[in-house]
Amino acid sequence: MTTVLDVAVVGAGINGATAALFLARGGMRVALLDRGQICRQASGVNAGTLTMQMTRRALIPFALEAHAMWASAAEWLGHDVGVVVCDGLSLAFTDGEAQLLSERVAARREAGAPIDLVDGKRAQAIEPGVSDKVLLAGHCKVDGYANAYLTGLAFRRALEREGVAIMENRPVTGADRAQGAWALLTPEGTIRAKRVVLAGGVWLEDMASWFGCAIPIKVLINQLAVTERMPVAMRTVLGIASGLLSLKQYPHGTVVIGGGWQGLGDRVAGPRAVIPENLVGNVRLACHAVPALERSRIVRAWLGLEAETADALPAVGALPGVEDVAMVGSIHSGYTSGLSIARHFARWLLGAPLHPGIAAFDPARLVVRPGAR
Amino acid sequence: MTETIASRADVIVLGGGPAGMCAASAAARAGSDSLLIDENSQGGGQVYRAPPAAFAETSPGAFGPDHAIGASLRLALADSGARTAFGCRAWSVSRDVGGAGFRVDVCDDNGLKAWRAPALVVATGATERVLPFPGWTLPGVHGLAAATVMLKAQKLLPGERVAVAGCGPLLLAVAAGIAKAGGKVAGVIDLASVSDWLRVLPGALSRPDLLARGAAWVAGIAAAGTPYLRRHAVTAALGDDRVSAIALSPVAADGTVDRASQPLRIDCDALVIGHGLVPNCDVTRILGATHRYAPADGGWIAVRDGDMRTSIPGLYMAGDGGGISGAAAAALQGELAGLAAARDLGALAAQRHLDLAAPLRRRLGRAMRFGRAMAGLMVERPGLVASIPAETPVCRCEDVTRAEIDQAVAEGAREVNQVKAWTRCGMGPCQGRMCGDTVAAVVARLVGGRSAAGAFTARVPLRPVPTAQLIGSFDYADIPIPRPAPL
Ligand SMILES: Cc1cc2nc3c(=O)[nH]c(=O)nc-3n(C[C@H](O)[C@H](O)[C@H](O)COP(=O)(O)OP(=O)(O)OC[C@H]3O[C@@H](n4cnc5c(N)ncnc54)[C@H](O)[C@@H]3O)c2cc1C
């Protein structure tokens with residue numbers, strides 16, 4: 001391939017796909033490469049929760065902005081991705097949880113999230129499905145969920161309309177610098193581009209190493225489960241103070257149960273196995289919150305890989321010491337916030353000044369030993 | 001989990017059909033502590049399903065040769081010293097962390113339990129392939145395999161005038177079974193022609209007893225004056241709230257429906273139909289064994305050696321789950337797997353193993369010739385897949401039509417899991433266990449074959465688990481909630 005693209009984006013999750021879309025809309029010639037298919041890793045298998053109450057404090061402004069983007073996806077993306085906007089409650093069942101909740105609600109409020117503390121009675125009025133054991137709840141009207149498995153379909157259509165070259169089943173194995181451009185190596189030949197965006201989720205560590213940068217990325221193996229369709233049991237998004245529960249019932253009647261309980265797996269082999277105790281613990285928590293769930297059946301449990309940096313904050317910006325290579329990822333609750341963060345990131349690549357909130361996520365802070373070329 | 005009592009065995013056998021029963025007995029006789037797990041209340045599986053005690057007592061001997069074989073396998077199992085966990089639902093399988101080997105999580109009325117063993121024999125049998133046609137979701141339409149369960153275990157007839165359709169030996173067995181139980185067979189509709197049956201005759205000759213039984217079935221159907229339509233397929237089940245008639249058309253050898261000829265019609269109040277058997281390899285797939293697509297064996301199968309070892313040390317696959325080859329072969333494969341497990345665990349000396357296995361292998365060769373011949377009649381017919389009308393639901397749980405699957409591929413989906421994500425097909429209670437093979441066959445035609453189309457990713461639970469059973473009774477304080485996520 002002799003043509004030189006403006007940007008090659010490696011990794012077609014929510015971050016890569018969003019960046020590619022806005023780069024193309026900004027007039028750039030873009031290719032989006034993935035070793036598998038578009039949005040089939042974290043961005044296609046996640047729980048789809050669009051909540052402020054599980055978002056890290058530093059990400060609240062981006063999550064609020066992204067929530068609005070998700071809610072209006074039909075307009076700017078051309079597909080609604082099954083988004084439902086509804087109230088959300090973060091529950092506390094014990095004094096310890098109530099204490100934790102109060103602290104976290106205060107911190108998130110300070111960061112701009114419109115969360116109020118309500119008592120158990122009020123929580124039940126907001127969500128009649130919730131158990132009467134709730135002591136205290138954080139209530140937020142900016143909440144909701146998407147249907148994550150539709151993400152790939154939605155972005156594929158939008159990217160095709162913008163003329164982005166979607167290259168699936170194209171694993172990138174390394175990069176070379178030649179004639180003022182980058183050559184990305186793939187088994188089916190090289191892709192040449194002036195600039196490279198790394199958006200590899202948990203594989204960002206491998207991607208950075210192609211350029212001599214050592215940025216450790218921890219891999220979380222999150223478990224999720226889903227019930228068969230059941231009568232309406234709840235209408236809000238529910239969590240608990242510790243963040244270890246997420247629950248919502250989709251319009252077709254299934255309830256997705258999550259919250260970051262861990263399974264087995266790693267970056268090389270991918271997800272390996274659901275840990276039965278953790279599934280049982282997660283489902284117990286869910287039934288404790290919404291007793292009606294006991295009358296369902298669990299039909300499937302699955303795993304997805306989520307990235308976490310050393311300080312659990314995102315890695316967004318230029319790769320230190322490497323010309324024309326930048327990365328975007330490792331965003332906690334990144335399905336929500338990725339949308340706005342990757343859009344800011346694209347605007348920056350298009351020439352706008354970097355959003356000051358994002359400057360704090362500079363990957364340079366994460367490099368463990370200087371090895372940049 | 002306080003209720004999870006870890007229990008150990010040398011060999012766990014999953015599935016209590018002929019393969020599983022023989023594996024558990026063989027391993028136990030060879031000196032290994034073996035445990036057989038099955039959700040049914042007794043061993044037998046699909047083919048040798050034990051009739052309810054009440055029937056067996058009132059009419060002993062009324063169940064034919066299968067019943068006698070099943071009864072003797074059950075006796076052998078009891079004598080072998082193998083442990084059994086019947087009425088027990090295995091919902092999760094995993095590689096045991098820390099220890100070498102496997103972990104099988106079960107739940108029953110007594111709660112949850114995790115079994116661990118260094119060896120696992122998977123004997124999970126086959127599921128029936130029913131290729132969709134308009135009206136296939138109407139009440140009164142059943143699978144051939146489901147009909148055998150009705151006849152054998154419940155002594156129930158599917159209807160008063162039953163049309164029997166599809167392919168393979170089950171077709172004849174069910175038609176004969178209905179007639180024997182006093183029902184009326186409205187017609188037998190066979191995808192195969194006489195020459196298709198003759199082609200498998202050489203293989204079938206290896207079991208003259210079974211061949212004679214098949215011939216008797218055919219003769220019985222003819223003697224009763226039942227219409228027998230060969231090289232025909234059911235193209236629609238008709239009726240408002242229940243099937244009242246079926247439409248049929250001639251088909252080509254590959255199953256392509258001849259739409260030019262005037263469809264025939266047969267009145268009936270039930271249709272039992274099946275288009276072959278598909279190996280159930282969920283467990284070996286979840287555990288990550290190597291599989292290959294083998295159409296003559298019924299579909300995706302675990303790669304095995306002659307002793308039923310899969311690519312994962314300690315994991316064995318026996319019976320139809322490893323490729324459709326019938327009950328007699330399943331029993332022998334089970335025995336080989338049980339012996340191999342005992343040998344690999346050191347319970348059986350190498351020479352002793354060879355002595356015991358050699359005659360089994362010879363018998364297996366003969367049984368396989370018969371089983372494979374029958375499997376040949378049950379292979380997927382690509383033309384029949386191609387003939388599924390656009391508006392017909394392929395995934396009945398989620399009501400996803402063939403046109404919607406085609407559309408997903410047209411929009412860029414390249415394999416079945418992506419098709420699933422974009423259409424919800426395979427996301428219902430059956431999790432694609434019924435439609436998965438058909439969806440893959442439909443997608444394969446569009447993306448260049450079965451390997452490219454792939455298979456729905458297998459996940460736990462192995463069956464839908466009632467949530468109440470999964471959680472049992474618990475105190476909130478005892479839930480091991482992990483540390484809070486960072487703020
Ligand atoms: C189970 C689970 C539940 C979650 N629930 C929520 C939630 O409810 N709400 C929320 O906001 N967030 C949630 N998250 C977090 C969220 O899903 C992630 O933060 C987000 O999807 C990450 O997107 P990404 O684009 O960075 O990574 P990914 O979506 O993982 O994309 C990375 C891509 O890079 C590709 N790639 C890797 N290596 C190569 C290579 N060598 N060449 C080419 N391509 C390559 C991969 O194939 C992959 O497609 C959850 C995460 C998980 C795992």
Side-chain angles (χ1 to χ4, degrees), chain A residues 37-38 40 44 54 56-57 93-94 100 103-104 107-108 133 149-153 156-157 160 166 168-169 226-229 240-244 252 254 260-262 264 269 272-281 283-288 293-302 312 332, chain B residues 1 3-4 91-97 103-105 107 112 114 286-288 397-398 408 411-415 417-418 420-424 426-432 457 459-461 463-487:
Chain A
Q37 285 109 19
I38 183 167
R40 290 286 301 150
M54 284 169 69
R56 301 212 52 198
R57 177 175 30 194
F93 297 106
T94 64
L100 182 69
E103 288 163 19
R104 294 195 154 194
R108 288 186 172 115
K133 301 191 186 88
Y149 55 71
L150 292 172
T151 320
L153 175 64
R156 191 173 225 289
R157 286 182 186 164
E160 275 184 343
I166 304 172
E168 295 177 309
N169 303 312
V226 65
T227 69
E228 66 187 344
R229 293 174 189 246
I240 55 166
S242 61
L244 270 299
H252 49 256
T254 63
W261 291 66
Q262 295 293 289
L264 296 175
R272 275 185 187 279
V274 167
I275 298 178
E277 286 86 348
N278 288 357
L279 178 64
V280 171
V283 175
R284 283 180 172 170
L285 208 50
C287 293
H288 189 74
L293 296 182
E294 277 194 33
R295 293 191 292 274
S296 66
R297 293 192 301 169
I298 303 292
V299 295
R300 191 175 185 83
W302 70 97
H332 185 76
Chain B
M1 264 183 293
E3 300 90 310
T4 299
W91 65 273
S92 167
V93 288
S94 49
R95 310 281 280 272
D96 192 14
V97 205
R103 166 177 173 167
V104 178
D105 284 75
C107 58
L112 302 169
I286 288 172
L287 292 172
C397 300
E398 295 291 324
E411 288 215 50
R414 280 291 160 270
E415 51 87 50
N417 291 291
Q418 222 174 355
K420 172 180 172 178
W422 295 1
T423 63
R424 282 196 62 82
M427 287 199 196
C430 97
Q431 287 291 299
T457 308
R459 296 278 190 213
V460 302
R463 296 258 192 286
V465 198
T467 305
Q469 207 174 61
L470 192 67
I471 61 172
S473 61
F474 64 93
D475 281 331
Y476 183 69
D478 293 336
I479 304 177
I481 305 177
R483 276 195 314 120
L487 178 69

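Below, read A as the first sequence line, B as the second, and so on, with proteins coming before strands; counting in each chain starts at 1. What you see is a predicted model; the values in this text were computed from it and never measured.
Using a 4.0 Å cut-off between charged side-chain N and carboxylate O, B/E411 and A/R157 make a salt bridge.
When heavy atoms are compared at a cutoff of 4.5 Å, B/R424 approaches chain A solely by way of its side chain, counted from C-beta outward. For B/T423, no part sits under 4.5 Å from any heavy atom of chain A, backbone or side chain. If you measure heavy-atom distances from B/I479 to chain A, the contacts under 4.5 Å come from the side chain alone. For A/A107, the part lying near chain B is the side chain, with the backbone staying farther off; criterion is any non-hydrogen pair under 4.5 Å. Contact of A/T151 with chain B is not made at all, since no heavy-atom distance falls under 4.5 Å. For chain B, the nearby part of A/L293 is the backbone; its heavy atoms alone come within less than 4.5 Å.
Between chain A and the options B/R414, B/E415, B/Q469, heavy-atom pairs under 4.5 Å are most frequent for B/E415. Among A/L153, A/V274, A/I240, the residue with the largest count of heavy-atom pairs under 4.5 Å with chain B is A/L153. Counting heavy-atom pairs under 4.5 Å between each of A/R104, A/E228, A/R57 and chain B puts A/R104 at the top. Most heavy-atom pairs under 4.5 Å with chain A: of the set B/P429, B/C397, B/S94, B/P461, this distinction falls to B/P461. If you tally non-hydrogen atom pairs under 4.5 Å between each of B/G428, B/G412, B/A477, B/A413 and chain A, the highest count goes to B/G412. The candidate with the highest count of non-hydrogen atom pairs below 4.5 Å against chain B, out of A/H252, A/E168, A/Q262, is A/H252.
In this structure A/R295 satisfies the side chain to side chain contact (heavy atoms under 4.5 Å, CB included) test together with A/A292, sequence neighbours excluded.
Looking at every heavy atom in both residues, A/L100 comes nearest to B/P484 through CD2-CG, 4.0 Å. In terms of heavy-atom proximity, A/Y149 sits nearest to B/A421 at CD1-O, 2.9 Å. B/W91 and A/P276 get closest at one heavy-atom pair: CH2-CB, 3.7 Å. Between B/R459 and A/W302, the shortest heavy-atom contact is NE-CB, 3.6 Å. Looking at every heavy atom in both residues, A/R300 comes nearest to B/T457 through NH2-O, 3.0 Å.
In this structure, CD in A/E277 is found 6.5 Å from CG in B/D105, a value given to the nearest 0.5 Å. A distance of 11.0 Å separates CG of A/L264 from CZ of B/R95, quoted to the nearest 0.5 Å. Atoms CZ and CD1, on B/R103 and A/I275 in that order, are 8.5 Å from each other to the nearest 0.5 Å. Rounding to the nearest 0.5 Å gives a distance of 6.5 Å between CD of B/Q418 and CZ of A/R40.
A/T94 is listed as a side-chain neighbour of B/Y476, based on a closest heavy-atom distance under 4.5 Å. Contact of the B/L470 side chain with the A/R297 side chain is not registered, since no non-hydrogen atoms from C-beta on lie closer than 4.5 Å.
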Under the criterion side-chain contact (heavy atoms from CB on, under 4.5 Å), I'd like the reasoning laid out for B/T467 against A/C287: C-alpha separation, chi angles, the key distance, then a yes or no. CA-CA 9 Å; B/T467 305; A/C287 293; 3.6 Å; yes
